[in-house]
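Below: one structure in structure tokens.
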Amino acid sequence: MLDVNDAASIETLIEKITAQFGHPSILVNNAGITRDNLLMRMKEEEWSDIINTNLTSVFRLSKACLRGMMKARKGRVINIASVVGFSGNAGQTNYAAAKAGMIGFNQIDGARSRLARITVNAVAPGFIDTDMTRELPEAQKKCLVATDPLRSSR
């Protein structure tokens, strides 16, 4: 099991993968949690939990995998961001900041990695019915669906 908030856990997993299969050539950064709250009520740990899990993990895992990809001169990194990183969402300052940070990270990392034939892409889906989104209040779900360009144009 991988704990994306533990650098040693990441290092151990990458070492095991490399020993058994060789350096990872594909990385999907998909770790994500929410700790929704209004900014003025947000606790320090609600902020740091999201930033660490949703953004710092992208740094750690990308760093752990890119060396092998650069050496092989090929690889794929796919970062699962969110439309909330572009548009924001009430009560999700921490989540929006992490996903926007992921998109910014993707831009810089992607530009440098293309030289080694490594693609770095971000996917920023709109509202998707998941265990995490099922916990949102119904009004917030409707708002997210209404602002989704693919759904609102139908």
Side-chain angles (χ1 to χ4, degrees), residues 1-11 13-14 17 24-67 69-70 75-154:
M1 179 129 180
L2 174 64
D3 178 356
V4 298
N5 291 308
D6 179 10
S9 177
I10 291 170
E11 186 178 322
L13 177 68
I14 297 302
I17 290 170
S25 59
I26 299 172
L27 169 64
V28 178
N29 286 307
N30 191 39
I33 61 170
T34 58
R35 299 282 186 273
D36 296 353
N37 208 342
L38 296 175
L39 181 60
M40 62 186 192
R41 293 185 184 146
M42 190 171 289
K43 295 177 178 82
E44 184 82 23
E45 66 266 9
E46 290 171 327
W47 174 266
S48 59
D49 285 352
I50 298 306
I51 297 301
N52 289 336
T53 299
N54 297 11
L55 182 57
T56 304
S57 67
V58 173
F59 161 74
R60 286 182 177 142
L61 284 156
S62 296
K63 185 176 176 183
C65 292
L66 277 173
R67 181 169 282 125
M69 290 179 189
M70 296 287 251
R76 305 288 179 259
V77 179
I78 302 159
N79 295 316
I80 308 301
S82 171
V83 70
V84 173
F86 294 104
S87 62
N89 191 34
Q92 290 191 314
T93 303
N94 49 4
Y95 185 81
K99 294 303 181 174
M102 180 187 281
I103 293 162
F105 178 92
N106 193 77
Q107 296 300 317
I108 301 303
D109 195 43
R112 301 187 109 221
S113 298
R114 275 191 296 274
L115 299 172
R117 297 185 310 185
I118 299 167
T119 60
V120 181
N121 295 293
V123 178
F127 182 82
I128 297 174
D129 182 31
T130 65
D131 290 342
M132 192 168 71
T133 60
R134 281 185 206 112
E135 295 177 15
L136 296 172
E138 202 58 42
Q140 194 172 10
K141 289 181 200 177
K142 286 181 182 178
C143 182
L144 286 168
V145 170
T147 60
D148 184 331
L150 294 176
R151 290 195 174 125
S152 61
S153 64
R154 293 182 195 169

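Keep in mind that the numbers below use all heavy atoms, side chains included, and drop hydrogens, waters and symmetry copies. Worth saying up front: this structure is predicted, and the values here are computed from it rather than measured.
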Checklist line | Exercise: identify the closest heavy-atom pair between Asp3 and Ile10 | finding: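 For Asp3 versus Ile10, the nearest heavy atoms are O-CG1, 4.2 Å.
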Note to self: Checking Ser57 against Asn29: is there a side-chain donor and acceptor pair closer than 3.5 Å?
What the structure shows: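 No pair is found: no donor N or O on one side chain lies under 3.5 Å from an acceptor on the other.
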Margin query: Looking at every non-hydrogen atom in both residues, tell me the closest pair between Ala98 and Leu55 and how far apart they are.
Written below: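 Scanning both residues, the minimum pair turns out to be O-CD1, 3.8 Å.
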Note to self: Give me the atom names and distance for the closest heavy-atom approach of Val4 to Arg60.
What the structure shows: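 What the structure gives for the nearest pair is O-NH1, 3.5 Å.
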Margin query: Are there over 12 heavy-atom neighbours, none belonging to Leu2, within less than 6.0 Å of that residue's CG?
Written below: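 Correct, the count exceeds 12.
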Next item on the list: Could you tell me whether a side-chain N or O of Asn94 sits under 3.5 Å from a main-chain N or O of Arg35, the two making a donor and an acceptor?
Entry: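 Checked: pair present.
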Next item on the list: Begin with the C-alpha distance, continue with both residues' side-chain angles, and end with the deciding distance and a verdict on side chain to side chain donor-acceptor pair (under 3.5 Å) for Thr53 and Asn5.
Entry: CA-CA 6 Å; Thr53 299; Asn5 291 308; 3.0 Å; yes
Check: How long is the gap from CE on Met42 to OG on Ser48, to the nearest 0.5 Å?
Finding: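 Here the interatomic distance stands at 10.5 Å.
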Note to self: How long is the straight-line distance from OG1 of Thr56 back to CD1 of Ile51, given to the nearest 0.5 Å?
What the structure shows: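 Ile51 CD1 to Thr56 OG1: 7.0 Å, rounded to 0.5 Å.
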Checklist line | Atom CD of Glu45 with >12 non-hydrogen neighbours under 6.0 angstrom | finding: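 Atom CD in Glu45 is crowded, with more than 12 foreign heavy atoms closer than 6.0 Å.
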Next item on the list: First locate atom CG of Leu27, then atom CG of Leu61, and finally report the distance between them rounded to the nearest 0.5 Å.
Entry: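 Going from the CG atom of Leu27 to the CG atom of Leu61 covers 5.5 Å.
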Next item on the list: Enter the distance from Ile78:CD1 to Asn30:CG here, rounded to the nearest 0.5 Å.
Entry: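 Here the interatomic distance stands at 10.0 Å.
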Margin query: Please evaluate residues Met102 and Asn54 with respect to the criterion side chain to side chain contact (heavy atoms under 4.5 Å, CB included), reporting the C-alpha separation (whole Å), side-chain torsions for both, the decisive distance (0.1 Å), and the verdict.
Written below: CA-CA 8 Å; Met102 180 187 281; Asn54 297 11; 5.6 Å; no
Checklist line | Where Val77 and Ser62 come nearest, the two heavy atoms and their spacing | finding: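 Residues Val77 and Ser62, closest heavy atoms: CG1-OG, 4.3 Å.
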Margin query: For Glu46 versus Asn37, what's the shortest heavy-atom pair and its separation?
Written below: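 The answer is OE1-ND2, 3.1 Å.
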Check: Which heavy atom of Arg76 sits nearest a heavy atom of Arg117, and at what distance?
Finding: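 For Arg76 versus Arg117, the nearest heavy atoms are NH1-O, 3.6 Å.
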Item checked: Interatomic distance, Ser25 atom OG to Ile118 atom CD1 [nearest 0.5 angstrom] ->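 Ser25 atom OG to Ile118 atom CD1 measures 10.5 Å (nearest 0.5 Å).
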